[in-house]
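By convention in this document, chain letters (A, B, ...) are assigned in the order of the sequence lines, proteins followed by strands, and residues within each chain are numbered from 1. Model, not experiment: these values are computed from the prediction.
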Amino acid sequence: MRTPMSVLRLPRGPDPNSRGFDPDSPRFIALCSTTISSSTDTETDSVQIGEEQCARSMLRESFLRTLIAMTNKQVQFYMYERVKVNAVFVASDIDVLNFQVSDLQTPIGVQKEALLRCQDVILYSFDL
Amino acid sequence: MAMRQTPLTCSGHTRPVVDLAFSGITPYGYFLISACKDGKPMLRQGDTGDWIGTFLGHKGAVWGATLNKEATKAATAAADFTAKVWDAVSGDEVLTLAHKHIVKSVNFTQDSSCLLTGGNDKTIRIYDINKPEAEPQEITGHTSAIKKALWCNNDTQILSAADDKTVRLWDRTSTAVVKQLSFDMSVSSMEYIPDGEVLVITYGKTIAFYNALSLDLIKTVDAPASIHSASLHPDKDFFVAGGDDFKLYKYDYSTKEELESYKGHFGPVHCVRFSPDGELYASGSEDGTLRLWQTEVGKTYGLWKCVLPEELVSENSDTIYCTPAAPEIKA
């Protein structure tokens, strides 16, 4: 009768709340700046990266401000399969995977509280 | 004292796992990417199976996935008619390459500058990753959907397997067919080993080994069941195969003798690959899980720890436990 091989623990499974790629991991910290550009020379790179980073920060800040501006407002969501729904935007999760909405108007009734999967949303619009 | 194999189950996918690939050995170890019909390919640490991240973006089943040697880039092929290139460190989508039909296979060149794609539109395409807006180079000839397309011979040639029951060797520059193999049935999988130029092809119950440059047959081995995938150990002493009967088979490459067979999966095995250091092999199944298997059972490696019987009952030992008696959890 052979003894089964022992194991320290089981492999860790996915985190249900995020898509992973931990920014605090040694690999991320060491490699992330260099994966933006691959093969060109370094001097023009750092200038370009600096400019790109400024643009990214501006866009990110604008996006976050739109989320704040949208809170408690009526938003129209245009989604795949020709779905167009209205709802009151409440919040987004940290990775922008889900939007929490209230009073979601659907063809089968009004859903008091709902989560919209962001990957299903093509565009959304609201009045300021 | 002979030990019994304890496979490590990696859960997380919710649909069948249809393809998997390892990176090369990097300063941070080696990595594993899995393609799944749930549309969410996952990156895992290769030696432990620990989940690192999920590549989000595809809108259909992912049929093929690959990593570059350094595990800095990933590429995926999906039923949403796109192939995508990802940053494998941050998980961000870098490129989306639109195709005219389901994409089944993706493969990087050694320097990660070009991506080879193949799929149901029967055309092989070569994309320059640094110039993605440029039209890809196209290679036509196959009369059915392409299952797998791989770079070979130092990225100067391309090997492709299609449902037209042929495997073709193409010259990259001239895009002409150099040599062709015809079979009585569709090839289920293909693996290319650059070191030694070996091509592993599976069809029906057969695992066949060819010289990748000349396409001369080296040997064939028949398994007890229909085989979907096989992989040759880097040292070319073993090969493993899996298929319809849910089992993993391990064979001696020189003698063709079946050494072991392992039960564990709850569905047909779709893909199996040895790790770059040959210490383990990973299998992906219809049951939605990946399993890691030790090449040398009993060796301390990754999460496997060789424990002497006295240590198991010792009060001082760390949490070490045997899992085979525990109920298998279906994904």
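Of the listed residues (Ile129(B), Thr26(B), Asp50(B), Asp111(B)), the greatest number of heavy-atom pairs within a distance under 4.5 Å of chain A belongs to Asp50(B). Counting heavy-atom pairs closer than 4.5 Å to chain A, the top-ranked of the candidates Gly302(B), Ala88(B), Ser112(B) is Ala88(B).
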### Message
Determine whether Gln119(A) and Lys59(B) satisfy the following criterion, side-chain contact (heavy atoms from CB on, under 4.5 Å), listing intermediate values before the conclusion.
### Response
CA-CA 9 Å; Gln119(A) 67 187 87; Lys59(B) 300 236 163 297; 4.0 Å; yes

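When all heavy atoms are compared, the tightest approach of Trp51(B) to Ser18(A) is CH2-O, 3.6 Å. Closest heavy-atom contact between Arg4(B) and Arg2(A): NH1-O, 3.5 Å. Minimum interatomic distance between Gln294(B) and Met5(A) (heavy atoms only, all atoms of both residues): OE1-CG, 3.4 Å. Closest approach of Gly12(B) to Pro14(A), counting heavy atoms only: CA-CG, 3.6 Å. Pro11(A) and Leu8(B) make their closest contact through CG-CB, 3.9 Å (heavy atoms, listed as atom of the first residue, atom of the second, distance). Pairing each heavy atom of Phe21(A) with each of Val89(B), the nearest pair is CD2-O, 3.5 Å.
Rounding to the nearest 0.5 Å places OG of Ser11(B) at 13.5 Å from CZ of Arg12(A).
Leu56(B) is not listed as a side-chain neighbour of Asp95(A), based on a closest heavy-atom distance of 4.5 Å or more.
Contact of Phe31(B) with chain A is made through the side chain alone, with heavy-atom distances under 4.5 Å. Heavy-atom distances place the side chain of Leu43(B), and not its backbone, under 4.5 Å from chain A.
Other residues, nucleotides and ligands contribute at most 12 non-hydrogen atoms within 6.0 Å of the NZ atom of Lys263(B). Within 6.0 Å of the CD atom in Glu133(B), the count of heavy atoms belonging to other residues, nucleotides or ligands exceeds 12. Remark: Lys250(B) NZ is packed, more than 12 non-hydrogen atoms of other residues, nucleotides or ligands lying under 6.0 Å away. Other residues, nucleotides and ligands place more than 12 heavy atoms under 6.0 Å from the CD1 atom of Ile122(A).
Asp92(B) pairs by the salt bridge (Lys or Arg N to Asp or Glu O under 4.0 Å) definition with Arg19(A), not counting sequence neighbours.
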